[in-house]
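As structure tokens, the structure follows; a few thoughts come after it.
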Amino acid sequence: MCIDATMKLGLSSLPFVHASIEEAIRASAKLGAECVEIVYDVPHFPPGYDNRKLPNIKELLDTHGLQVSVHASFWDLNPASHHRELWELTLEQVRRSINACRALGGEIVVVHFGKCPIHVTRGFLEGTKRRYLKFIKQCLSYAQERGVTLALENAGGQPNIYPSTAEELGKFVAGLEGAKITFDIGHAHLAERRAGRKDTGAAIARSIEALREHLIHVHVHDNHGMEDDHLPPGDGDIDFKPAADTLRAINYDGLLIAELWNPANPPEAARKGIKKTRDIFG
Ligand SMILES: [Mn+2]
């Protein structure tokens with residue numbers, strides 16, 4: 001088969017919780033990653049992190065020929081918070097993440113969904129949606145001024161999250177000039193299972209196809225349809241083949257990031273995760 005456009009396979013720094021960011025980058029390069037996603041949050045980038053240290057990290061990335069994306073801060077934050085101070089802190093952290101992306105030579109910043117603590121209360125989810133829209137608009141203008149693209153991520157279909165499914169995210173970005181999508185396959189599987197679907201592979205592939213116009217970034221990880229486990233592909237019950245076929249069919253040529261989580265054994269998660277990702281998508 002002749003493929004003109006090729007995706008770049010890589011690893012998120014997420015699993016490397018016991019290593020420095022430099023060690024995480026070196027380990028990723030050693031495993032054959034073509035790109036890395038830097039999670040601009042703890043443990044590697046604590047509050048008050050001095051962004052003037054980023055050029056050294058860029059140099060390391062360049063030395064290994066790694067492309068880079070940045071996952072904006074998200075731990076303990078909420079872009080739809082009803083607390084003005086937390087909303088503003090989240091905005092400040094995403095702005096810092098955008099600056100970090102630029103300093104590292106990246107083009108894409110992944111931004112999370114908003115959380116609604118009591119969605120069952122009448123009118124409360126509407127407030128969440130309003131605040132999330134306001135948040136993203138502010139981030140978009142900030143990112144555009146700096147030549148960085150925001151890629152909003154689909155969630156797992158939870159009722160207390162907005163936007164919560166790939167479909168809802170598609171509608172959200174359709175109305176926003178410059179907003180793009182990170183398609184997270186693990187989250188899409190959870191959303192399909194929550195909607196009562198057993199075999200989700202074809203539905204996930206249809207979502208990718210439906211969002212292709214906005215799709216610029218992909219996250220890959222596995223789960224059993226219950227929890228957001230972030231396992232290596234093959235360790236859960238996702239059928240990745242339809243998604244892989246669709247990404248090839250639409251000539252997806254962006255980054256494909258294995259986003260893993262296994263604090264008990266990060267090196268093993270990274271090794272197995274990128275190998276399986278390569279087997280399926282390479
Ligand atoms: Mn993700």
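All ligand and atom numbering here is 1-based and tracks the order in the structure. Position 1 is the first residue of the sequence, and the numbers go up from there. All values reported here derive from a predicted model rather than from experimental measurement.
- Geometrically, R146 engages Y142 in a cation-pi contact defined by less than 6.0 Å to the ring centre and at most 45° from the axis.
- A salt bridge does not link E209 with R206: none of the charged nitrogens is closer than 4.0 Å to a carboxylate oxygen.
- Rounded to 10°, the angle that OE2 of E153 and OD2 of D184 form at the Mn ion (ligand 1) is 80°.
- For E259, the N/O/S atom at the shortest distance from the Mn ion (ligand 1) is named OE1.
- Using a cut-off of 2.8 Å, one finds that H219 contributes an N/O/S atom close to the Mn ion (ligand 1).
- Using cut-offs of 30° and 60° on the angle between ring planes, the pair F172 and Y132 is tilted.
- At a threshold of 4.0 Å, the pair K276-D222 does not count as salt-bridged, since none of the basic side-chain nitrogens sits closer than that to a carboxylate oxygen.
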